[in-house]
**Student:** 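First, the structure itself, so that you have it in front of you.
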Amino acid sequence: MTHKRTAVVLLGALALAATACGGPGGGADAAGGTLADGKTFTLGLGSDPGNLDPHMSVLSVTSQVDRFLYDSLLELGPDGKPVPSLAEKWDATTTTASFTLRPGITCADGAPLTAADVAANIVFVGDPANKSPFAGLTIAPGTKATADEATRTITVTSGAPDAFLLRNTGSLPIVCGKGLADRKLLATGGAGTGMFAVSEVVPNDHYTFTRRKDYTWGPGDWKAQQPGLPDKVVARVVPNTSTAANLLLSGELNAGAINGPDRQRLEGRKLFHADFLAPLGEIFYNQAAGRPGQDESVRRALTQALDLAQLGKVLTNGTGKPSQSLVTADPKACSGDTVTGHLPNHDPAAAAAALDAAGWQAGPDGVRVKGGKRLALTVLYGTQLGPTMAPTAELAQQTWKTLGAEVTLKAVDSPGLSQVLFGTGEWEVSLGPLGLTLPSQLVPFVSGPAAPDGTNFGHIANPEYEQGVKQAATMSGAASCPSWEAAETALVKRVDVVPYVDSVVPIYASGARFDVSQGSVSPSSIRMYAR
């Protein structure tokens, strides 16, 4: 996607916690490996990350790459509490926040990072004219920020009340002043504040980063001089998961997320892996004027026709967990179940009857027609989500054809999916999931301005959801959870979104160890081992 971007396992800019099967630290691992300096860490990517400007993308693959290049004000600890990153101190309510920068932070080109630079980052995203997908996702439109250079303090005034203002503002990737002045630098990973600086970009092939020797402000009490830190990182585009698994086994990749039947081979070799729970089975309907999904009875009928349990088994090879919320990250800010019991039960006969009642009658070729218009569905699915996406889409296609729909499947990669959802709008059903760490991050994707003017790609307008959001935004932290959960339930009940299965996604390692946070490898946790 080139301008508006959704999360396709998706909103990866946000903190997905992990359960690691081992840890990155220590002088030796369980197998007796020894930490090694001066090595290159090679990471497999499921698709090309596209434009690397961290304020213009919330694709998980882009967010993973950007984590090497751009730091945020705060990181999250294993308990979900904020820890220092660029900021050493902070405070927040639902409407204002302040952050004090650590001293001595420099940019990839050696220039100092100033409080004014950080404030300008926040103002850029908060200005709707800039069309950042983070506007409304982590930074409310209209948010202002000012800087006091003498105290290195940034003061933020939110454009709207935000129950999670500290976490949202603290998670924004921060770019340096030159990148703010010339965003073309950011498109290829320049003007960074992170642990690595970009040294080579070959789109659709690989991205090379070199560790910055002046980087001393890692998360928490992170120390710059540690054994096993990689000198270089190569992010290698490997769309085929079987190929990625082979490269892990041969040692040509040090890390890669493998979800599907290839996991069995890697498990058999007892490869280290760090896991995170991610949404995988979600269905969105295009509710734009003139689309079949605009009618709730059609959305409900299409959902009723599907055997969601069987669909989930195909999608996850039987390893998935039924969805309980659109937010999967642990520790969750809100832990209620917003899904169970609220989706239509599988009933093909009822689905057919509902379409009959809605005026969709079978034509001579079996395809339903209403007002001279055929029930034609273009169904999008993401190739970057692994080999099970195609058979899952084909099962849905078969089911809906039996129901009387004309179904065309369209396989797209992450940028392609985003381009259709936020750009052309030529789709009826999307099987691309949203990955969220806070319920507030869902808001711009299911309410507000519709694509291409906004990020509400499904053209959803749910008054009950919007009312719940308004109530939740007046309360801070956990106190807001009942309102957020009621709002999310309203979406599920009206079939605005159909979450049906989550996946435990392992990121496997060969010759390295690391932690996973924000749904991706944490750069500061990587440790290389002698083979």
Side-chain angles (χ1 to χ4, degrees), residues 13 51-57 66-75 82-160 162 164-198 212 214-219:
N51 183 349
L52 298 182
D53 185 334
H55 296 159
M56 301 306 291
S57 173
D66 282 343
R67 290 197 68 189
F68 290 97
L69 306 174
Y70 305 99
D71 279 0
S72 54
L73 289 165
L74 303 175
E75 292 280 354
V83 297
S85 184
L86 294 176
E88 63 180 5
K89 295 190 298 184
W90 54 85
D91 190 28
T93 67
T94 60
T95 56
T96 62
S98 65
F99 300 89
T100 301
L101 290 180
R102 285 174 159 173
I105 298 174
T106 58
C107 303
D109 64 358
L113 176 71
T114 68
D117 291 337
V118 176
N121 276 253
I122 297 167
V123 170
F124 175 87
V125 174
D127 184 350
N130 294 322
K131 297 184 178 180
S132 168
F134 283 92
L137 177 64
T138 58
I139 305 296
T143 293
K144 305 297 182 184
T146 58
D148 183 337
E149 296 297 351
T151 60
R152 306 189 307 278
T153 299
I154 302 96
T155 301
V156 180
T157 302
S158 182
D162 181 357
F164 306 108
L165 181 60
L166 179 66
R167 285 180 61 167
N168 277 327
T169 308
S171 71
L172 182 70
I174 300 299
V175 308
C176 288
K178 286 188 177 180
L180 293 166
D182 181 5
R183 302 198 76 88
K184 291 180 181 178
L185 294 175
L186 304 177
T188 54
T193 56
M195 184 177 177
F196 291 82
V198 68
R212 296 174 54 191
D214 60 340
Y215 181 85
T216 59
W217 50 89

**Student:** Between Arg102 and Gly218 (side chain of the first, backbone of the second, donor and acceptor by atom type, cut-off under 3.5 Å), is there such a pair?
**Tutor:** yes

**Student:** Where is the tightest heavy-atom contact between Pro54 and Leu186, given as atom of each residue plus distance?
**Tutor:** CD-CB, 4.4 Å

**Student:** Checking the side chain of Asn121 only, and the main-chain atoms of Asp117 only, is there a donor and an acceptor separated by less than 3.5 Å?
**Tutor:** yes

**Student:** Any sub-3.5 Å donor-acceptor pair from Glu88's side-chain atoms to Thr100's backbone N or O?
**Tutor:** no

**Student:** Identify the heavy atoms of Asp214 and Cys107 that sit nearest to each other, and give their distance.
**Tutor:** OD2-O, 4.2 Å

**Student:** Could you grab the distance from atom CG of Leu185 to atom CG of Asp53, nearest 0.5 Å is fine?
**Tutor:** 10.0 Å

**Student:** Quick one: pull up NE2 in His55 and CG in Asn130 and give me the separation to the nearest 0.5 Å.
**Tutor:** 10.5 Å

**Student:** For Asp162 and Asn168, run side-chain contact (heavy atoms from CB on, under 4.5 Å): C-alpha distance rounded to whole Å, both residues' side-chain angles, the deciding distance at 0.1 Å, then the answer.
**Tutor:** CA-CA 9 Å; Asp162 181 357; Asn168 277 327; 3.0 Å; yes

**Student:** Please output the side-chain donor-acceptor pairs of residues 173-182 that fall under 3.5 Å, not counting sequence neighbours, one pair per line with the distance.
**Tutor:**
unit_1	atom_1	unit_2	atom_2	d
Lys178	NZ	Asp109	OD2	3.3
Asp182	OD1	Lys184	N	3.2

**Student:** Side-chain contact, heavy-atom cut-off 4.5 Å: Leu166 with Phe99?
**Tutor:** yes

**Student:** With rounding to the nearest 0.5 angstrom, report the NZ to CE distance, Lys131 to Met56.
**Tutor:** 9.0 Å

**Student:** Is any side-chain heavy atom of Leu172 less than 4.5 Å from a side-chain heavy atom of Phe134?
**Tutor:** yes

**Student:** Specify the closest pair of heavy atoms between Thr138 and Ser171, including all atoms of both residues, with the distance to one decimal.
**Tutor:** CG2-OG, 3.9 Å

**Student:** Please identify each residue that fulfils side-chain contact (heavy atoms from CB on, under 4.5 Å) with Asp91, with sequence neighbours left out.
**Tutor:** Ser98

**Student:** For Ser85, which residues count as a side-chain contact (heavy atoms from CB on, under 4.5 Å) partner, sequence neighbours excluded?
**Tutor:** Asp71, Glu75

**Student:** Taking Trp217 for the side chain and Leu101 for the main chain, is one N or O donor matched with an acceptor at less than 3.5 Å?
**Tutor:** no

**Student:** Among all residues two or more places apart in sequence or in another chain, which pass the salt bridge (Lys or Arg N to Asp or Glu O under 4.0 Å) test with Asp148?
**Tutor:** none

**Student:** Tell me whether Thr143 contacts the main-chain N or O of Gly159 through its side chain, where contact means a donor paired with an acceptor under 3.5 Å.
**Tutor:** yes

**Student:** Would you say that Ile139 contacts Thr169 through its side chain, given a criterion of any heavy-atom pair below 4.5 Å between the two side chains?
**Tutor:** yes

**Student:** Given side chains that start at C-beta, do those of Leu73 and Trp90 come closer than 4.5 Å, heavy atoms only?
**Tutor:** no

**Student:** Could you tell me which non-hydrogen atom of Val198 sits nearest to which non-hydrogen atom of Gly189, and how far apart they are?
**Tutor:** CG1-O, 3.5 Å

**Student:** Taking the side chain from Arg212 and the backbone from Thr106, do they hold a donor-acceptor pair closer than 3.5 Å?
**Tutor:** yes

**Student:** For Ala140 versus Ala160, what's the shortest heavy-atom pair and its separation?
**Tutor:** CB-N, 3.7 Å

**Student:** Which pairs count as disulfide bond (SG atoms under 2.5 Å apart) when at least one residue sits in residues 123-155, sequence neighbours excluded?
**Tutor:** none

**Student:** Tell me the closest heavy-atom pair linking Pro141 and Pro128, and the distance in Å.
**Tutor:** CB-CG, 3.9 Å

**Student:** Run the numbers on Thr155 and Thr96 for side-chain contact (heavy atoms from CB on, under 4.5 Å), then give the verdict.
**Tutor:** CA-CA 7 Å; Thr155 301; Thr96 62; 5.7 Å; no

**Student:** Just jot down the salt bridge (Lys or Arg N to Asp or Glu O under 4.0 Å) partners of Asp66, sequence neighbours excluded, or say none.
**Tutor:** none

